[in-house]
**Q** 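Below is a structure I'd like to ask you about.
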Amino acid sequence: MDVTPILEPLNEPQRMAVTGNNEPMLIIAGAGSGKTRVLTHRIAWLIKIENLSPHDLLAVTFTNKAAKEMKDRVENLLQMPVHNLWIGTFHGLAHRFLRRHAEDISLDKNFQIIDSDDQLRIIKRLFKNQNLDENRWNPKELQYFINQNKDEGLRPHQINKKNDSDLTQQVNFYKNYQDICDQSDLVDFAELLLRTYELLHNNPNLLNQYRKKFKHLLVDEFQDTNVIQYAFLRLLTGDDGIPFVVGDDDQSIYRWRGAKMEHIDQFQKDFADTRVITLEQNYRSSENILKAANALITNNVTRMPKELWTEDNTGELIQIFAAFNEKEEASFIAGKIQDWEKQGHNRSDVAIIYRSNAQSRALEEALINAALPYKIYGGLRFFERSEIKDALAYLRLVYYRKDDASLERIINKPTRGIGAKNIDLIRGRAKENKTSLWEASIHLIENNPIGKKFSKLNFFVSLINKMRRETDKLDLHNKIDHIIHLSGLIELYEKEKGERGLTRIENLSELISAAKSFESDEEMSELDAFLAHAALEAGDEQASEWEDCVQLMTVHSAKGLEFPMVFMCGMEDGLFPHQRSISNPKNLEEERRLCYVGITRAKELLFLTFAEQRKLHGQDNFSPSSRFIDEIPIELKEEIRSTYHDHSYVNHNIANKKRHLISESPFSIGQRVRHKKFGEGTVLAYEGQGVHARVHVNFENVGTKWLVVSYANLDLL
DNA sequence: CACGCGCGATTTTTT
DNA sequence: ATCGCGCGTG
C-alpha cells in the first residue's frame with residue numbers, strides 16, 4: 001500500500017500523530033499548525049492503511065461546515081468517495097443515534113427538532129401561563145438555565161435545589177418546559193445530546209454494540225467540548241476505544257456557553273496512557289505576527305506551554321493606528337484597503353474583525369464611501385428566516401399533528417380570525433384533555449358546550465387536512481410547493497411593503513429549490529431528513545452573487561479562517577477586552593485567547609486600530625487603548641501617525657471645512673442623484689445640517705436609504 | 001386585529 | 001442609536 005500521499009505532506013510531529021499506534025492521542029495543535037490536515041490524514045490512514053471501514057469510525061467536528069470540509073478532504077486524499085463515515089457535529093451524530101433508537105428511550109420516532117428560536121417561543125408562552133414575577137425572571141434567563149443544566153447533563157430531579165426558593169422555581173420551570181416538549185415530541189439542541197447520552201448509558205447492550213463498532217473516535221476542537229459532549233465521548237470510548245482528540249487550549253473561546261478547556265486535563269487523567277503531541281510549527285503567518293501572538297498569550301496563567309514558530313520571513317511590523325473616533329478608524333481602514341487593491345490584490349484577501357457586531361456600522365459606511373464591496377458574516381441564515389420557518393411549520397404540522405409549537409406559529413398566519421381568545425380556549429381544552437393543540441381544536445369544534453361555532457377554526461383544521469390529503473403522494477419539493485401555495489403565506493407577504501415581502505417570497509421559492517436538490521443518505525424519510533437538516537444546519541447566510549469582497553466579521557466567526565491582510569479594530573479597553581469580562585480573571589483570559597485567535601488569522605499584514613472616542617449606544621465613550629496592544633513587545637509594533645491632510649479622514653480639523661462646503665443644501669426634494677454603490681435615485685427628504693446632514697434617497701435598485709451627506713459623495717444629475 | 005408608541009436592552013454563536 | 005417587544009388604542 002502506498003503511504004506516500006498520506007505521509008509525505010506532513011512534518012515530523014504531524015506524522016507521529018497520523019500514524020499513532022492504538023493508544024489514546026491528544027494533539028495540541030497551535031493556530032495554523034495543520035490541525036485539520038492531521039485529522040483528515042489520520043482518517044485516511046485508518047481507512048487505507050489500517051483497513052478500517054469508514055462505517056466504524058466516528059469523527060466529531062464543531063460545525064457542519066467543518067464536517068463537510070473534512071469529509072471532502074478525506075475523499076480527495078483517498079481519491080475515492082467515502083460512504084457511511086460517521087462524521088458530523090455532536091448534535092448531528094446524536095440525532096442519528098436517536099432516530100435509530102428512539103423507541104429505546106420512549107421517544108416518538110417522529111420527534112422534531114426545535115432550534116433556540118422555537119425553544120424561546122415555547123418558554124415565553126409557558127412563562128406567561130405560570131404567572132411568574134416578571135421583575136424577577138425573564139424568558140431568556142430561563143432558557144439559559146435550562147440549556148446550561150442540560151449541557152451539564154442534569155435533569156430537573158438531579159439539580160440540587162439547596163432549599164433555595166429561586167432555584168426551586170427555576171427547576172420547576174425547567175420541568176414544566178420539558179413536559180411540554182415531551183408531549184409534543186419536540187427535542188431541543190441540548191436535549192439531543194442529553195437524550196443520546198441517556199440512551200447509551202441506560203442501554204448497556206446498545207452501548208456495547210457501539211463501543212465495539214467505533215473503535216476509533218476522533219474529535220476536532222476538543223477544547224470547546226462541554227460537559228455532556230465529553231461525557232458522551234467518554235461513555236462511547238469505554239476501556240477499549242481509541243480516542244484521538246485535537247484541540248488548542250489557547251483558542252478556547254466558548255467558555256461562556258459551557259465549553260470546558262479543562263477537558264484537556266480531564267482527558268489525560270481518564271486515559272492515563274495518553275500520548276500527547278504538540279504541533280508548534282505554523283504555516284500561516286509571518287514571524288513577527290507569531291511573535292506577537294506568542295507574547296500576548298504567555299500572559300495567560302492557565303495554558304499548556306507551547307510556542308509557535310515558522311520558517312517564514314520576519315515580515316512586516318504590526319501596524320498600530322490611533323484614531324480620533326470610530327469614523328476616522330473606519331476611513332483609515334478603507335483607505336488602506338484601497339491602497340491594497342491598487343497594488344493589484346484581491347479585496348477578499350482582507351478581513352476586518354471586531355469584538356462586537358455593533359462595530360460594523362461605521363466600517364460599512366466607510367467602505368460604501370470608498371466604493372469597496374464588502375460582506376458581513378453573522379446575519380440571519382437561510383433556515384432561520386421567519387418566512388422559511390413559517391413554511392416549515394406548516395409542513396411539520398401537516399405531517400406531525402402533535403407539533404404544538406408549529407401549530408401555534410401558523411394557526412393565525414396569515415390572520416384567519418383565530419385570535420388570542422380562541423387560542424386560549426384551545427390551550428385550555430388541550431390541558432383538560434391532556435392532548436395536543438391539534439386534537440384539542442378538533443375536540444372544540446365537535447364539542448362546544450357554549451354552542452359557539454368554531455367556523456374559523458374548522459376552516460383551519462380542514463386546510464391542514466386538505467394539505468395532507470393533496471400532498472401525501474407528492475415528492476418532497478412538491479409537498480412544500482403545494483403547502484406554501486395553500487397556506488396563504490404568499491398573499492400575506494405580497495401585502496408587506498417594500499422589498500421585504502418580495503425577498504420573503506423569493507426565499508420561499510428558494511426553499512422549494514432547496515428541497516428539490518436535497519439529498520440525504522440518512523436512514524430516515526426524506527421529509528424527516530430535510531426537517532432535521534433545516535434545524536441542525538441553518539444553512540448559509542443570504543446567498544449573494546459572487547463578488548470580490550472585503551470580509552467583515554467578529555473575532556469569534558473568524559476562528560479557523562486566514563487572510564493575508566487583517567484589521568483588528570476597536571482595540572480599546574472596555575471593548576476588547578470587553579467591559580463585562582475585565583474584572584473576572586478567567587473571562588479576561590478568554591478575551592486574551594480571543595485576541596490571540598484574531599492575531600493568528602493574519603498571514604502577512606496585521607493592523608491593530610483603536611479610537612480615542614467612540615460612539616456606542618448613542619453615547620460618547622473615551623477609552624484607553626487595549627491592554628492587549630501593550631502586551632505585544634514594542635519591537636514588533638509600529639505606530640502609524642494619523643495623516644490628517646488626507647481628505648478622506650474625518651476629524652475635528654476638517655469637520656469645519658466640510659461644514660463650510662455643505663452649508664447650503666444642494667438637495668431639493670425630487671432631485672436626481674447618483675451614488676457609487678447604490679446607483680441612481682431620487683431625493684425624498686433632507687434633514688440636519690453641517691456634517692450631520694442626512695438625505696433620504698429612493699434608489700431604483702436598492703430601495704430607500706438615509707445617507708450622511710458628508711460621506712455619501714452623491715453626484716447631482 | 002393592525003398599528004403605533006414607549007420602554008429596555010444592547011459580547012461573543014453553533015447546534 | 002437602534003431594534004424588538006409588549007401593550008394600549010382605534
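Bear in mind that the values here come from a model prediction, so they are computed numbers and not experimental data. Protein chains get the first letters and strands the later ones, always in sequence-line order, with residue 1 at the start of each.
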**Q** Is it the case that the side chains of A:E365 and A:N369 hold a donor-acceptor pair, with the cut-off being a distance below 3.5 Å and no angle test?
**A**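 Short answer, no.
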**Q** State whether A:E537 and A:K65 are salt-bridged, where the test is any N-O pair (Lys NZ or Arg NE/NH1/NH2 against Asp/Glu carboxylate O) under 4.0 Å.
**A**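 No, no charged N to carboxylate O under 4.0 Å.
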**Q** Do the side chains of A:E384 and A:R381 get close enough for a salt bridge, i.e. N-O under 4.0 angstrom?
**A**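 A salt bridge links A:E384 with A:R381.
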**Q** If you measure only the distance, is there a donor-acceptor pair under 3.5 Å linking the side chains of A:Y596 and A:Q251?
**A**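 Short answer, no.
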**Q** Taking NZ in A:K456 as the centre, count heavy atoms belonging to other residues, nucleotides or ligands within less than 6.0 Å. Is the count above 12?
**A**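 Atom NZ in A:K456 is not packed in, count stays at 12 or less.
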**Q** Would you say the rings of A:W86 and A:F97 are close, in the sense that their centroids are separated by under 6.0 Å?
**A**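 Centroid distance A:F97-A:W86: below 6.0 Å, so yes.
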**Q** Calculate the interatomic distance between A:R125 atom CZ and C:dG6 atom P; express it in whole Å.
**A**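 These atoms are roughly 14 Å apart.
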**Q** Rounded to the nearest Å, what distance is computed from the CG atom of residue A:L380 to the P atom of nucleotide B:dT14?
**A**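 Computing the A:L380:CG to B:dT14:P distance gives 12 Å.
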**Q** According to a strict under-4.0 Å criterion, is A:N226 in side-chain N/O contact with OP1 or OP2 of B:dT15?
**A**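 A:N226 to B:dT15 OP1/OP2: no side-chain N or O under 4.0 Å.
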**Q** Check this for me: does any side-chain nitrogen of one of A:E408 and A:R121 sit under 4.0 Å from a carboxylate oxygen of the other?
**A**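 Looking at A:E408 and A:R121, the cut-off is not met.
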**Q** A:K615 has an atom NZ; how far is it from atom C1' of B:dT10, in whole Å?
**A**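 Result: 17 Å.
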**Q** Is A:S116 touching bases, backbone alone, or none of the nucleic acid, heavy atoms closer than 4.0 Å?
**A**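 Base, at least one base heavy atom under 4.0 Å.
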**Q** Counting only side-chain heavy atoms from C-beta out, which of B:dT13, B:dT15, B:dT10 sits nearest to A:S557?
**A**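 Shortest atom-to-atom distance from the side chain points to B:dT13.
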**Q** Pick from A:D185, A:D528, A:D390, A:D403: which one makes a salt bridge (Lys or Arg N to Asp or Glu O under 4.0 Å) with A:R396?
**A**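 Of A:D185, A:D528, A:D390, A:D403, salt bridge (Lys or Arg N to Asp or Glu O under 4.0 Å) with A:R396 is met by A:D403 alone.
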**Q** Just the rounded figure in Å: distance from C1' of B:dT15 to CZ of A:R96.
**A**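 Answer to the nearest Å: 17 Å.
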**Q** Pull out every protein N or O sitting under 3.5 Å from an N or O of nucleotides 6-9 of chain B, one pair per line with the distance.
**A**
none

**Q** Is the phosphate of B:dT10, meaning OP1 or OP2, less than 4.0 Å from a side-chain N or O of A:S356?
**A**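 No, outside the criterion.
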**Q** Is the ring centre of A:Y254 under 5.5 Å from the base ring centre of B:dT13, and are the two planes under 30° apart, so that they stack?
**A**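 It does not: the ring fails the test against the base of B:dT13.
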**Q** Picking from A:Y254, A:F222, A:F90, what satisfies ring-ring contact (aromatic ring centres under 6.0 Å, His included) with A:F62?
**A**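 Considering A:Y254, A:F222, A:F90, a ring-ring contact (aromatic ring centres under 6.0 Å, His included) with A:F62 is found only for A:Y254.
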**Q** Under 4.0 Å between any heavy atoms, over every strand shown, what does A:F90 touch: base, sugar-phosphate, or nothing? Just pick one.
**A**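 Touches nothing.
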**Q** Could you tell me whether A:N357 contacts a base, only the sugar-phosphate backbone, or nothing, with contacts defined as non-hydrogen atoms closer than 4.0 Å?
**A**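 Answer is sugar-phosphate: A:N357 comes under 4.0 Å of backbone atoms only.
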**Q** Measure NE2/A:H617 against P/C:dT2 and give the value in whole Å, please.
**A**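 Answer to the nearest Å: 13 Å.
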**Q** Mind running a 4.0 Å heavy-atom check of residues 407-419 of chain A against DNA chain B and sending the residues that fall below it, in number order?
**A**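 Per residue number, the list reads A:N412, A:T415, A:G417, A:I418, A:G419.
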**Q** Could you state the atom-to-atom distance from CD1 of A:I353 to C1' of B:dT12 in whole Å?
**A**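 Atom CD1 in A:I353 sits about 13 Å away from atom C1' in B:dT12.
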**Q** From the list B:dT12, C:dG6, C:dC3, which nucleotide is the closest neighbour of the side chain of A:H556?
**A**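 Output: B:dT12.
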**Q** From the set C:dG6, B:dT12, C:dC3, return the single nucleotide nearest to any side-chain atom of A:K124.
**A**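 For A:K124, the side-chain atoms sit closest to C:dG6.
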**Q** Can you check the A:K65 NZ to B:dT14 P distance for me, whole Å?
**A**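 Checked: the NZ to P distance equals 10 Å.
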**Q** Quick check: are there more than 12 heavy atoms from other residues, nucleotides or ligands sitting under 6.0 Å from CZ of A:F518?
**A**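 More than 12 heavy atoms, drawn from other residues, nucleotides or ligands, come within 6.0 Å of this atom.
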**Q** From CD of A:Q223 over to C1' of B:dT14, roughly how many Å is that when rounded to an integer?
**A**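 It is 14 Å, rounded to the nearest whole Å.
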**Q** Would you say a side-chain N or O of A:R381 is under 4.0 Å from OP1 or OP2 of B:dT15?
**A**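 Yes, such a contact exists.
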**Q** Consider the side chain of A:R361, meaning its heavy atoms from C-beta on, and name the nucleotide among B:dT13, B:dT12, C:dC3 that approaches it most closely.
**A**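 Of B:dT13, B:dT12, C:dC3, C:dC3 is nearest to the side chain of A:R361.
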